[in-house]
Visitor: 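Before we start, here is the structure in question, set down as structure tokens.
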Amino acid sequence: MAAGGRLLASFLLLVSCFAQTSYGIVLFSSLQRTLVVTASHKQGVLKAGEDTITVTWGLNQSIPSGTDSGYKTIQFKLCYGPISQLDRAWRKTVDNLDKDRTCQFKMVAIANPHTSANQTFDWLIGLDVPTATYFVRAYAYDSEGISVAYGQNTDAQKTSNLIAIQGITGRHLSIYVSSMCFSAFSVLSLVGFFYLEKRRVRMSQQK
Amino acid sequence: MELQSANEDHSQPPKFALPVDSEHKATEFRLFSVAAPHMRAFHLSWVSFFACFVSTFAAPPLLPVIRDNLNLTATDIGNAGIASVSGAVFARFAMGTACDLFGPRLASASLILITAPAVYFTSIASSPISFLLVRFFSGFSLATFVSTQFWMSSMFSAPVVGTANGVAGGWGNLGGGATQLIMPLVFGLIRVIGAVKFTAWRIAFFIPALFQTLSAIAVLIFGQDLPDGNFRRLQKSGDKHKDKLSLILYHGITNYRGWILALTYGYCFGVELTMDNIIAEYFYDRFNLKLHTAGIIAASFGLANVVSRPAGGAISDLVSKRFGMRGRLWTLFVVQTLGGVFCILLGQVGSLGASIVLMIAFSLFCQAACGLTFGVVPFVSRRSLGVINGMTGGGGNVGAVITQLLFFRGSRYSKERGISLMGVMIICCTLPICLVYFPQWGGMFCGPSSTNTASEQDYYLSEWDSKEKEKGLHEPSLKFADNCTTERGKNVVTTARP
């Protein structure tokens with residue numbers, strides 16, 4: 001049954017949480033910034049579902065070669081800028097990467113990356129991206145899925161090159177119309193009932 | 001001239017499916033019956049109240065989606081949570097008065113149908129302010145609690161009134177827990193059908209709104225105010241006297257017991273409302289759970305109502321058989337204080353498992369205390385039953401407003417610290433129960449008044465002056481006084497009225 005299934009899923013989730021911690025905690029401050037990431041887009045506020053962000057990335061040429069031999073996957077994520085984290089604890093930046101909630105949207109994942117030359121990709125902003133200010137960050141993972149390095153298109157204080165995105169409203173004309181109609185029905189049925197009651201009482205008095 | 005059926009009704013005593021007392025209130029509570037008018041009233045009232053709870057707390061489990069769509073801050077969310085319970089503060093008081101004047105059926109159905117548009121309009125909310133407004137107006141529907149308790153107190157006699165109130169209130173409050181399950185489920189279904197997140201949550205709100213509308217219509221069609229009929233018809237035929245609003249208000253407001261119960265109810269029910277508003281987000285954010293997992297855990301808080309509040313009411317009735325009103329008061333004090341202790345502990349622990357266990361323990365005691373409170377409320381006043389119900393019910397919401405304002409708004413306290421502080425406040429605000437004293441039955445620390453003038457009749461008839469007594473308006477209170485001598489407890493011999 002659904003309830004039993006959910007209970008099992010919750011229990012497994014609990015167990016997997018414990019399994020995660022046994023691998024050790026990865027801190028963001030321990031990661032090396034070896035990737036260079038730049039993001040370009042059209043002028044002004046970008047619209048979710050319509051506009052694209054063009055990301056150009058590569059390895060920082062000043063680091064010794066061979067550092068990137070362990071990078072098995074590079075995951076690009078859209079992360080909240082500081083102003084969009086204000087008074088919103090669910091987007092908080094925490095050093096422990098397991099608990100960090102800064103980067104909530106996955107953009108593109110590149111497996112077995114060739115870092116010899118700069119590469120570019122376009123990413124269409126998803127419909128579930130809300131109105132906020134963002135920056136782009138790339139995490140490099142080793143073969144065990146543990147983060148080893150990162151890169152981002154902004155500075156360490158996250159003040160430059162921030163991207164402003166306007167999310168979809170989610171409202172459609174059909175929703176407007178339905179809510180108006182049902183509301184009118186509720187109020188009118190009350191009025192209609194009062195009228196019927198009054199008539200019924202008046203008629204029983206006349207008998 | 002042939003006499004019509006109206007006269008025939010008066011000559012024959014009406015037959016009821018359940019055993020009744022002299023006021024035609026049922027002396028037994030049969031859960032699985034839908035017999036008119038008693039059990040039918042019970043089922044109509046708890047279902048419509050359940051629907052209101054589902055609507056009022058439909059937003060919290062979906063907040064992780066709504067807060068992104070409407071760009072809400074923690075302060076906005078806190079304000080909306082406070083707004084959702086503050087509307088009902090005044091509405092509950094007004095509902096109590098409306099029940100005394102118009103009857104619970106009309107009063108509750110009118111409120112539910114008038115607030116249904118607010119729930120429909122939640123689906124087109126566009127900003128923090130519009131979100132706050134729809135939550136504010138949806139919250140007014142929680143005033144149906146008062147009509148539920150009033151209706152049960154009108155349909156069920158003293159030995160079972162605690163149980164009837166407890167089950168109706170508890171199963172209605174269940175809505176606060178059920179909605180934490182229902183809304184993520186409906187949201188998930190709509191997503192599967194193909195809508196995007198920010199549209200799916202909007203469509204999901206039509207479900208509680210429709211449920212609310214339909215339940216109110218059912219109350220209007222199938223419900224009945226009193227065992228003998230509806231208010232309006234009884235008032236016109238002269239069987240029920242239409243009382244004066246100012247006097248009803250006066251006798252309610254001047255009864256200090258109503259104020260004490262309002263305060264203590266704020267720290268069992270008010271705390272329950274606060275938890276309904278914060279618990280899903282608490283588990284989602286603190287333990288990094290998925291939306292519907294957090295919803296399931298949060299739901300178990302409100303779902304405990306299916307047994308805990310009715311148990312509170314039943315325990316109140318059980319204890320009163322042996323110890324009378326004093327037993328009811330003592331049990332209420334102990335259970336509510338224990339609830340406060342569990343609340344403090346809940347804020348202190350850091351593991352998911354311990355949090356769930358403590359939360360369930362807390363919910364059982366907190367909700368049982370709600371049921372126990374309404375084992376006492378029906379006896380505070382007879383003439384102003386609705387006003388006392390309204391004051392206590394309104395006090396519950398005031399407790400929710402104050403608690404959320406102090407501890408759960410913005411980023412001042414972490415949620416876990418807020419929860420512990422709330423537990424401390426529960427314990428402090430439960431102490432005033434020690435001050436409740438009935439001359440005919442006693443209080444927590446004092447026995448009944450030793451003079452011969454302290455009797456149930458004296459207490460309830462003091463609400464009527466001599467002119468009204470001459471007109472015989474006090475007759476219903478007299479019947480009630482005779483029917484509640486059971487509140488003296490087992491060892492007291494009830495002497496027959498000369």
Side-chain angles (χ1 to χ4, degrees), chain A residues 2-3 6-7 9-11 13-14 17 48-49 84-92 98-99 101 104 126-132 166-172 174-194 196-198 200-202 204-207, chain B residues 4-6 64 67-76 106 109-110 112-114 116-118 120-126 195-203 205-206 209-210 212-213 216-217 220-221 230 232-233 236 281 284-285 287-290 292-293 296-297 352-353 410-411 414-415:
Chain A
R6 282 212 197 86
L7 212 61
S10 312
F11 177 69
L13 191 70
L14 206 63
C17 287
S84 294
Q85 293 175 300
L86 211 59
D87 203 12
R88 294 175 176 88
W90 58 90
R91 296 178 182 171
K92 205 156 91 161
D98 282 335
K99 300 211 156 110
R101 313 279 293 138
Q104 294 189 13
L127 287 169
D128 57 346
V129 174
T131 303
Q166 170 98 21
I168 60 165
T169 62
R171 299 195 299 276
H172 294 280
S174 51
I175 300 182
Y176 274 106
V177 171
S178 316
S179 51
M180 298 287 177
C181 288
F182 281 113
S183 303
F185 169 70
S186 300
V187 177
L188 287 174
S189 57
L190 181 67
V191 170
F193 179 83
F194 265 107
L196 280 171
E197 265 275 293
K198 231 177 172 171
R200 207 188 309 154
V201 169
R202 218 185 313 138
S204 71
Q205 287 302 107
Q206 282 168 3
K207 280 188 185 158
Chain B
Q4 292 295 318
S5 56
R67 66 192 180 191
D68 279 343
N69 193 187
L70 301 182
N71 204 12
L72 304 175
T73 63
T75 309
D76 293 328
L106 280 179
S110 307
I112 296 174
L113 284 171
I114 291 177
Y120 289 113
F121 289 152
T122 311
S123 59
I124 54 177
S126 58
V196 294
K197 259 180 16 177
F198 293 165
T199 302
W201 77 262
R202 296 172 182 280
I203 301 176
F205 265 84
F206 278 86
L210 266 169
Q212 194 173 317
T213 309
I217 294 178
L220 284 175
I221 297 177
N230 283 319
R232 253 201 189 144
R233 192 169 60 76
K236 283 201 154 44
E281 253 193 312
Y284 181 87
D285 290 331
F287 300 104
N288 278 340
L289 302 172
K290 278 201 169 54
H292 71 264
T293 314
I296 294 169
I297 299 175
L352 180 62
S411 308
S414 67
K415 284 220 163 57

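Source: prediction; values computed, not measured. Proteins come first, then strands; the chains are lettered A, B, ... in the order of their sequence lines, and each starts at number 1.
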Visitor: Please classify the contact of B:Phe205 with chain A as side chain, backbone, both or neither, using a heavy-atom distance under 4.5 Å.
Guide: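 Neither part, no heavy atoms under 4.5 Å.
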Visitor: Does A:Arg88 reach the side chain of B:Asn71, with side-chain heavy atoms less than 4.5 Å apart?
Guide: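 Yes, close enough: below the 4.5 Å cut-off.
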Visitor: Return the CG to OG1 distance between A:Asp128 and B:Thr199, rounded to the nearest 0.5 Å.
Guide: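 Here the rounded value is 11.5 Å.
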Visitor: Identify which part of B:Gln212 has an atom lying under 4.5 Å from any heavy atom of chain A, answering side chain, backbone, both or neither.
Guide: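 Looking at B:Gln212, nothing touches chain A.
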Visitor: In terms of heavy-atom pairs under 4.5 Å with chain B, which of A:Val187, A:Thr169, A:Leu196 leads?
Guide: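 That would be A:Thr169.
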Visitor: Within the 4.5 Å heavy-atom criterion, are B:Pro117 and A:Phe182 side-chain neighbours or not?
Guide: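 Side chain of B:Pro117 against side chain of A:Phe182, heavy atoms only: no contact under 4.5 Å found.
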Visitor: If you define the side chain from C-beta out and look only at heavy atoms, does anything of B:Phe198 sit under 4.5 Å from A:Pro130?
Guide: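 Touching, per the 4.5 Å side-chain cut-off.
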Visitor: Which answer fits A:Phe193, side chain, backbone, both or neither, if we ask what part of it has an atom under 4.5 Å from a heavy atom of chain B?
Guide: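 It is the side chain, since no backbone atom gets that close.
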Visitor: Distance from B:Leu210 atom CG to A:Phe185 atom CZ, nearest 0.5 Å?
Guide: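 Between B:Leu210 CG and A:Phe185 CZ, I get 9.0 Å after rounding to 0.5 Å.
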Visitor: Would you call B:Asn288 and A:Arg101 a side-chain contact if the rule is heavy atoms closer than 4.5 Å?
Guide: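 They are in contact (side-chain heavy atoms under 4.5 Å apart), so the answer is yes.
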Visitor: Can you tell which part of A:Arg200 gets under 4.5 Å to a heavy atom of chain B, answering side chain, backbone, both or neither?
Guide: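 Contact with chain B involves no heavy atom of A:Arg200 at all.
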Visitor: Do A:Phe194 and B:Leu220 have side-chain heavy atoms sitting under 4.5 Å apart?
Guide: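 Contact flag for A:Phe194/B:Leu220 side chains = no.
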Visitor: For B:Asn69 and A:Gly170, indicate whether the former's side chain and the latter's backbone hold a donor-acceptor pair under 3.5 Å.
Guide: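 Not confirmed, B:Asn69 side chain does not pair with A:Gly170 backbone.
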Visitor: Does the B:Asp285 side chain pair with the main chain of A:Ala89, one donor and one acceptor, at a distance under 3.5 Å?
Guide: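 Such a contact is absent between B:Asp285 side chain and A:Ala89 backbone.
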Visitor: Hey, does B:Tyr120 have a side-chain heavy atom less than 4.5 Å from the side chain of A:Met180?
Guide: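 Contact flag for A:Met180/B:Tyr120 side chains = no.
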Visitor: Any side-chain heavy atom of B:Lys197 sitting closer than 4.5 Å to one from A:Ile168?
Guide: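 Contact flag for B:Lys197/A:Ile168 side chains = no.
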Visitor: Less than 4.5 Å apart, any side-chain heavy atom of A:Ile175 and any of B:Ile124?
Guide: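 In short, these two side chains touch, coming nearer than 4.5 Å.
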Visitor: Is B:Ala125 in contact with chain A via its backbone, its side chain, both, or neither, using a 4.5 Å heavy-atom distance?
Guide: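 Backbone of B:Ala125 only, per the 4.5 Å heavy-atom cut-off to chain A.
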Visitor: Just verifying a value: how many Å separate B:Ile114 CD1 and A:Leu190 CG, rounded to the nearest 0.5 Å?
Guide: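 Nearest 0.5 Å value for the CD1-CG distance: 5.5 Å.
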Visitor: Between A:Ser84 and chain B, which part of the residue has a heavy atom less than 4.5 Å away: side chain, backbone, both or neither?
Guide: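 A:Ser84 has no heavy atom closer than 4.5 Å to chain B.
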Visitor: Shorter than 4.5 Å, heavy atoms on both sides: which option in B:Thr122, B:Thr75, B:Ile203, B:Leu113 has the most such pairs with chain A?
Guide: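 Ranked by heavy-atom pairs under 4.5 Å with chain A, first place is B:Leu113.
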